[in-house]
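Reviewing the structure listed below.
A note on names: the letters A, B, ... follow the listed sequences, proteins ahead of strands, and every chain is numbered from 1.
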Protein chains: 2
Amino acid sequence: MNIGEAAAASGVSAKMIRHYESIGLLTAAPRSAAGYRHYAGRDVETLRFIRRSRDLGFSLDAISGLLDLWRDRRRASAEVKQMALAHVETLEAKIAELQAMARTLHHLADACHGDDRPDCPILDDLARGGQDEACACHIE
Amino acid sequence: MNIGEAAAASGVSAKMIRHYESIGLLTAAPRSAAGYRHYAGRDVETLRFIRRSRDLGFSLDAISGLLDLWRDRRRASAEVKQMALAHVETLEAKIAELQAMARTLHHLADACHGDDRPDCPILDDLARGGQDEACACHIE
DNA sequence: GGACACCTTCCCAACATGGGAAGGTCAAGG
DNA sequence: CCTTGACCTTCCCATGTTGGGAAGGTGTCC
C-alpha cells in the first residue's frame with residue numbers, strides 16, 4: 001500500500017504520515033526500490049489509532065505514550081485510564097477558561113445598545129482592562 | 001517611559017510589545033538618541049486594551065479591528081457588538097467541541113476497570129477509530 | 001512515448017509567545 | 001573616571017499541528 005492509500009484508509013493525510021514518521025511517532029516505513037513508502041494493514045490500524053486520539057484532543061506527545069501502552073500487552077489499564085482522566089482535566093480547564101470569556105462577552109454585549117451611536121460598554125471594558133466597573137466579570 | 005516600564009504598567013511583555021509593533025498592530029514608538037523606544041500614558045492604555053482583548057480570546061487580527069473602532073469616534077456600537085457576538089460564537093463552537101471530547105473520554109474511562117489488567121475499553125476505542133461499539137460516542 | 005497521477009524532499013505559512021545570544025546604553029557608586 | 005548591573009537593541013530559533021506548494025522522480029495506461 002502506498003502512502004496515499006494508507007492515508008485514504010486511515011483518515012490521516014499523507015503529509016501528516018510523513019510528519020509523524022519524521023518526528024518519531026511512527027517507525028520508518030519500508031521503501032520500494034524507487035523510495036516509495038509501503039504500508040500494511042497493521043500500519044493503517046496504527047494510523048487510525050492516532051487519528052482517533054487526535055480527534056479526542058490528545059497531543060502527539062500523549063499519543064506516543066498511548067501507542068506504547070497499546071503495544072504493551074502487559075500494560076495496566078490503570079495507566080491508560082489515568083492518561084485519559086488527566087486529559088479530561090486539561091479539557092475541562094480549557095472549557096472553563098473559554099466559558100469565562102464567553103460569559104464576560106455576553107454580559108458586555110448585553111449592555112451594548114448595538115445601534116449607530118458610538119457609546120459602547122464593550123470598548124469601555126477593554127480600555128479599562130476589565131477593571132473597576134459594576135459589571136466587571138473577571139477572568140481569573 | 002521605557003519599554004520595560006510600559007510592559008510592567010500594561011501587563012504586556014516587552015517582547016510582545018516589540019512584536020506587536022513589528023506586525024503593525026502598534027504604530028512604531030518614537031526612539032531616544034540611543035534607539036530606546038519611548039512610551040506615554042496613551043500607549044499604555046492601548047497596551048492594556050490589547051491585553052484585555054487577548055484575555056477575552058480575541059485574535060490579534062480581531063484586536064486590530066477593535067482598536068480601529070476604539071479610535072474612531074464616529075463608530076457605530078453595533079459594529080463592536082457584532083464583533084463581540086461573532087467571537088462568542090467562535091468560543092461556543094470550541095467549547096462544544098471540547099465538551100464532546102471530554103464526554104466521550106468520560107464514558108470510556110468509566111468503562112475502564114483501571115486496575116493492573118491489560119483489558120482497556122479506552123485503547124479498544126482508539127484502535128477501532130471510535131466505530132462500531134455500543135458506547136461509541138461520536139465526535140462530529 | 002506521452003499524459004497524468006502518484007511519489008519524493010525541502011521550504012514556508014499559520015497562531016501567539018517565549019528563550020537566548022551578542023552587543024550597546026544608562027545610572028549608581030567606588 | 002571606570003566598573004557593575006540592569007536595562008535596551010536586533011536577530012534567530014522554538015513551541016504544536018497542519019497545510020500549501022515547488023522541483024523533480026516514478027509508475028501506469030493508452
Touch class at under 4.0 angstrom, heavy-atom based, for A:Asp61 against every strand present: nothing
Between D:dG20 (C1') and A:Arg18 (CZ): distance, integer Å: 13 Å
Under 4.0 angstrom between A:Arg37 side-chain N/O and C:dC7 OP1 or OP2: no
Whole-Å distance separating the CG atom of A:Leu47 from the C1' atom of D:dT18: 16 Å
Protein-nucleotide distance (B:Ile17, atom CD1; D:dT9, atom C1'), rounded to Å: 14 Å
Protein-nucleotide distance (B:Lys15, atom NZ; D:dC12, atom C1'), rounded to Å: 10 Å
Residue-phosphate contact under 4.0 Å: A:Tyr20 side-chain N/O, D:dT18 OP1/OP2: yes
Side-chain N or O of B:Arg31 closer than 4.0 Å to phosphate OP1/OP2 of D:dT10: yes
Between A:Ser77 and B:Asp115, a side-chain donor and acceptor under 3.5 Å: yes
Minimum-distance nucleotide to A:His19 side chain [options: D:dT17, C:dT9, C:dG19]: D:dT17
Atom-pair distance (CD1 on A:Ile23; P on C:dT9), nearest Å: 15 Å
Shortest side-chain distance from B:Met16, nucleotide among C:dT17, C:dG24, C:dC26: C:dT17
Proximity to the side chain of A:Ala34 - top-ranked nucleotide from D:dG27, D:dC8, C:dT8: D:dG27
A:Glu89 CD: over 12 foreign heavy atoms closer than 6.0 Å: no
D:dG19 OP1/OP2 closer than 4.0 Å to side-chain N/O of A:Ser13: yes
Rounded interatomic separation in angstrom, taking OH from A:Tyr39 and P from C:dT8: 7 Å
Nearest-Å distance for atom pair NE2/P, residues B:His38 and C:dC26: 9 Å
Gap between atom CG of A:Leu105 and atom CD1 of A:Ile122 - 0.5 Å precision: 7.5 Å
Separation of atom CD1 in B:Ile3 from atom P in D:dC7, rounded to whole Å: 13 Å
B:Arg54 side chain near C:dT17 phosphate (N/O to OP1/OP2, under 4.0 Å): yes
Closest to the B:Tyr36 side chain, choosing from D:dC8, D:dG20, C:dG18: D:dC8
